[in-house]
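Structure first, then comments.
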Amino acid sequence: MPEKALSEKLMREKAILLVEDNPNDAELAMLAFKKNNFPTKIILARDGVEALDYLFGTGAYSDRNIEEKPKLILLDLKLPKIDGLEVLRTIRSDERTRYIPVVVLTSSKEQRDLTEAYRLCVNAYVRKPIDFAEFTETVRQLDSFWLLLNEQPP
């Protein structure tokens with residue numbers, strides 16, 4: 001298989017859905033992914049509706065092959081249109097998406113958000129670091145664990 005085709009296949013297999021409405025945080029995350037040099041395709045959804053449309057192949061993503069699921073979802077909680085907890089509830093209630101690892105990546109320090117996220121079976125809850133170096137390291141660790149080390153069900 002030619003190198004370019006192999007690289008594209010790896011990127012499809014290791015896609016991450018980043019659900020983030022704050023443009024600065026989204027840019028920071030994209031820079032952190034780039035700095036860590038993982039062969040990962042990042043799909044950015046800017047609100048809860050767009051995230052669910054991507055996952056279930058509806059709306060603007062109606063022509064997307066929903067069999068190609070992201071290997072990881074990084075989910076902010078404070079989102080417009082549909083909040084992150086409702087997105088998580090929908091993901092966990094559907095057989096097609098139930099087993100995709102979801103990591104809440106949020107600035108929320110509210111105990112009820114943490115408790116509710118775990119009640120809805122989130123895989124991890126990470127508070128966003130403010131410092132770029134810390135954020136880059138957080139992304140590296142998330143990528144390493146969830147994309148390289150963690151075994152997922154088929």
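Scope of the values below: all heavy atoms of this structure, side chains included, with no hydrogens, waters or symmetry mates. Here the structure is a predicted model, which means the values were calculated and not measured.
No donor-acceptor pair under 3.5 Å is formed between the side chain of Arg89 and the backbone N or O of Leu120. Looking only at distances, a side-chain donor or acceptor of Arg64 sits under 3.5 Å from a matching main-chain atom of Tyr54. Looking at Glu110, its side chain never comes within 3.5 Å of a backbone N or O of Arg112 through a donor-acceptor pair. Under the 3.5 Å distance criterion, the side-chain polar atoms of Asp76 are left unmatched by any main-chain donor or acceptor of Thr106.
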>> Run the side chain to side chain contact (heavy atoms under 4.5 Å, CB included) test on Val104 and Leu77 for me, step by step, so that the C-alpha distance in whole Å, both residues' side-chain angles and the decisive distance to 0.1 Å come before the verdict.
In response: CA-CA 7 Å; Val104 166; Leu77 292 183; 3.7 Å; yes

>> Evaluate Ile16 against Leu74 for side chain to side chain contact (heavy atoms under 4.5 Å, CB included), listing each step before the verdict.
In response: CA-CA 7 Å; Ile16 292 175; Leu74 297 177; 4.1 Å; yes

>> Applying side chain to side chain contact (heavy atoms under 4.5 Å, CB included) to Ile42 and Met30, what does each step give before you reach the verdict?
In response: CA-CA 8 Å; Ile42 309 299; Met30 300 298 244; 3.3 Å; yes

>> salt bridge (charged side-chain N to carboxylate O under 4.0 Å, His left out) for Lys128 and Asp25? Distances and angles first, verdict last.
In response: CA-CA 9 Å; Lys128 293 177 194 172; Asp25 287 352; 2.9 Å; yes

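With a 4.5 Å cut-off on side-chain heavy atoms, Arg127 and Lys109 count as touching. Side-chain contact check for Ile73 versus Ile91: some heavy-atom pair is nearer than 4.5 Å.
Here the closest heavy-atom approach between residue Ile82 and residue Leu79 is recorded as O-CB, 3.5 Å. The shortest heavy-atom contact between Leu17 and Ala51 is CD2-O, 4.2 Å. What you find for Asp47 and Glu50 is that their closest heavy atoms are OD1-N, 2.7 Å. Here the closest heavy-atom approach between residue Leu55 and residue Thr97 is recorded as CB-CG2, 4.4 Å. Contact record, Leu72 with Val103: CD1-CG2, 3.8 Å, taken as the closest heavy-atom pair. For Asp53 against Ala60, the heavy-atom pair with the smallest separation is OD2-N, 4.4 Å.
The local environment of CD in Glu27 is sparse, with at most 12 non-hydrogen atoms from other residues, nucleotides or ligands closer than 6.0 Å. When the shell of 6.0 Å around CZ of Arg92 is examined, it contains more than 12 heavy atoms from other residues, nucleotides or ligands.
When each of Val87, Leu52, Val49 is checked for a side chain to side chain contact (heavy atoms under 4.5 Å, CB included) with Lys81, only Val49 meets the rule.
Salt-bridge formation is detected for the pair Asp113/Lys78: a Lys NZ or Arg NE/NH1/NH2 atom is positioned less than 4.0 Å from an Asp or Glu carboxylate oxygen.
Under a hydrophobic-cluster definition in which Ile, Leu, Val, Met, Phe, Trp and Tyr are linked whenever side-chain heavy atoms come within less than 4.5 Å, directly or via other members, Leu75 and Tyr118 are assigned to the same cluster. Transitive grouping of hydrophobic side chains (ILVMFWY, heavy atoms separated by less than 4.5 Å) brings Leu31 and Phe33 into a common cluster. Neither Val102 nor Ile66 shares a network with the other; the hydrophobic side chains, linked directly or stepwise wherever heavy atoms of I, L, V, M, F, W or Y lie under 4.5 Å apart, form separate groups for each.
Atom OG1 of Thr115 sits about 9.0 Å away from atom OH of Tyr125, to the nearest 0.5 Å. The structure places CG of Leu85 at 8.5 Å from OG of Ser108, a figure rounded to the nearest 0.5 Å. Rounded to the nearest 0.5 Å, atoms CG (Leu88) and CZ (Arg119) are 9.5 Å apart.
Judged by the 6.0 Å distance and 45° axis criteria, Arg96 is not positioned over the aromatic ring of Phe56.
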